[in-house]
Amino acid sequence: MKSSSSRNASSSFGWKSPYEEDLISHCRRFLGPSPLVFRQSDGLLVHLFPPVGRYTPDAWVAVTIGLSGFRMPVPLGGSPSLARAELLCYVSADWRPPALLTGAPVWDIEDEAMRARDCWPVDMLCSTAAYIVESGRFVSRTHGLPNFSKPGQPFCSESLLTHAVVVDSVVEPLDFYILPARNAATGEVECVTLQQLVPLTREEYAVKVHVGYDALARRLQW
């Protein structure tokens, strides 16, 4: 289930972040080992951290590794520290990624039905990352996003989740979401933020658009 934006982005962006080593070490320090790694055919990685982490015993954590190689255009007046980011989402502890069944350390799923049913959290992250690179847009806190893989449709046929929003996450300690990472090529240190996507129903997204992010946060008790 590769979106057209994902294919286009891969033609001009290699998804190899110079901050990869520091990012993986940082995530493992907070979340524990990541024995499962999803790899898009264009090279974008999503590390999957099982629900045994120090701070997240009731959820899987999926984190992209590669988007931070792209510098987002921060709007005038915005903090330069937001220019580089990776995306993450939390998934219920009872989620069973296909890799658990195959035993493969690298998750390469081409079966359309399996991807639609079991891989939607990863597809949500990958298609959003592809959109950011392909469009050259800035995405950060409070931004609402559609399903870029299948616009207007649910992420998964078994759910009503059709959109996502970037939130201020408080699941982990604050210093998990912001890290000074070393560029492996230049040795320079730059800030990389970890931005959480929360999937929404069409109704919840309408609240965000028409009433505002704060109203949505109150409704969902964030």
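In this text, all values refer to a predicted model and were calculated from it rather than measured experimentally.
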[X] versus [Y]: any side-chain heavy-atom pair under 4.5 Å?
X    : Y    : answer
I65  : I24  : yes
V189 : N183 : no
S17  : L23  : yes
V63  : V46  : no
N147 : P154 : no
P199 : H163 : no
F30  : D175 : yes
L31  : H47  : no

On the 0 to 90° scale, with breaks at 30° and 60°, tag the H143-F138 ring pair as parallel, tilted or perpendicular.
-> perpendicular

Please answer whether the main-chain N or O of F176 pairs with a side-chain N or O of R29 as donor and acceptor at a distance below 3.5 Å.
-> no

To the closest 0.5 Å, what do you measure between [atom1] ([X]) and [atom2] ([Y])?
X    : Y    : atom1 : atom2 : answer
C89  : W60  : SG    : CH2   : 12.0 Å
C27  : L179 : SG    : CG    : 7.5 Å
D22  : E190 : CG    : CD    : 12.5 Å
L45  : T64  : CG    : OG1   : 9.0 Å
T128 : F148 : OG1   : CZ    : 5.5 Å
E134 : S127 : CD    : OG    : 13.0 Å

Atom CG of L220: over 12 foreign heavy atoms under 6.0 Å =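 For L220, atom CG is crowded (more than 12 foreign heavy atoms under 6.0 Å).
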
Can you establish whether the number of heavy atoms outside Q153 located under 6.0 Å from its atom CD is more than 12?
-> yes

Please assess Y177 against T193 for the test side-chain hydrogen bond (donor to acceptor under 3.5 Å, both in side chains), listing each intermediate value before the final yes or no.
-> CA-CA 6 Å; Y177 300 100; T193 61; over 6 Å; no

Under 3.5 Å side-chain donor-acceptor pair for [X] and [Y]:
X    : Y    : value
T162 : Y205 : no
R84  : Y19  : yes
Y90  : E172 : yes

Using side-chain hydrogen bond (donor to acceptor under 3.5 Å, both in side chains) as the criterion, list what pairs up with S140, not counting sequence neighbours.
-> none

Should L160 and L197 be counted in the same cluster of Ile, Leu, Val, Met, Phe, Trp and Tyr side chains packed under 4.5 Å apart?
->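 No, L160 and L197 fall in different hydrophobic clusters.
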
Give a yes or no on whether V209 and V198 share a hydrophobic cluster (residues Ile, Leu, Val, Met, Phe, Trp, Tyr; joining criterion: side-chain heavy atoms under 4.5 Å apart).
->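 Linked, V209 and V198 end up in one cluster.
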
Take V165 and T142, measure what side chain to side chain contact (heavy atoms under 4.5 Å, CB included) needs, and give me the verdict at the end.
-> CA-CA 6 Å; V165 65; T142 78; 5.6 Å; no

Which residue, I178, L88, V61, forms the side chain to side chain contact (heavy atoms under 4.5 Å, CB included) with L194?
->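 Of the listed options, the one satisfying the test is L88.
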
Begin with the C-alpha distance, continue with both residues' side-chain angles, and end with the deciding distance and a verdict on salt bridge (charged side-chain N to carboxylate O under 4.0 Å, His left out) for E203 and K208.
-> CA-CA 9 Å; E203 180 185 8; K208 191 270 176 193; over 6 Å; no

Verify side chain to side chain contact (heavy atoms under 4.5 Å, CB included) between L125 and L67, making sure each step is shown before the conclusion.
-> CA-CA 10 Å; L125 295 178; L67 176 60; over 6 Å; no

Is it true that E20 and K16 have a side-chain N and a carboxylate O under 4.0 angstrom from each other?
-> yes

Who pairs with R137 by salt bridge (Lys or Arg N to Asp or Glu O under 4.0 Å), at least two apart in sequence or on another chain?
-> none

Given L48 and V122, is the side chain to side chain contact (heavy atoms under 4.5 Å, CB included) satisfied, shown in steps?
-> CA-CA 9 Å; L48 305 178; V122 172; 4.1 Å; yes

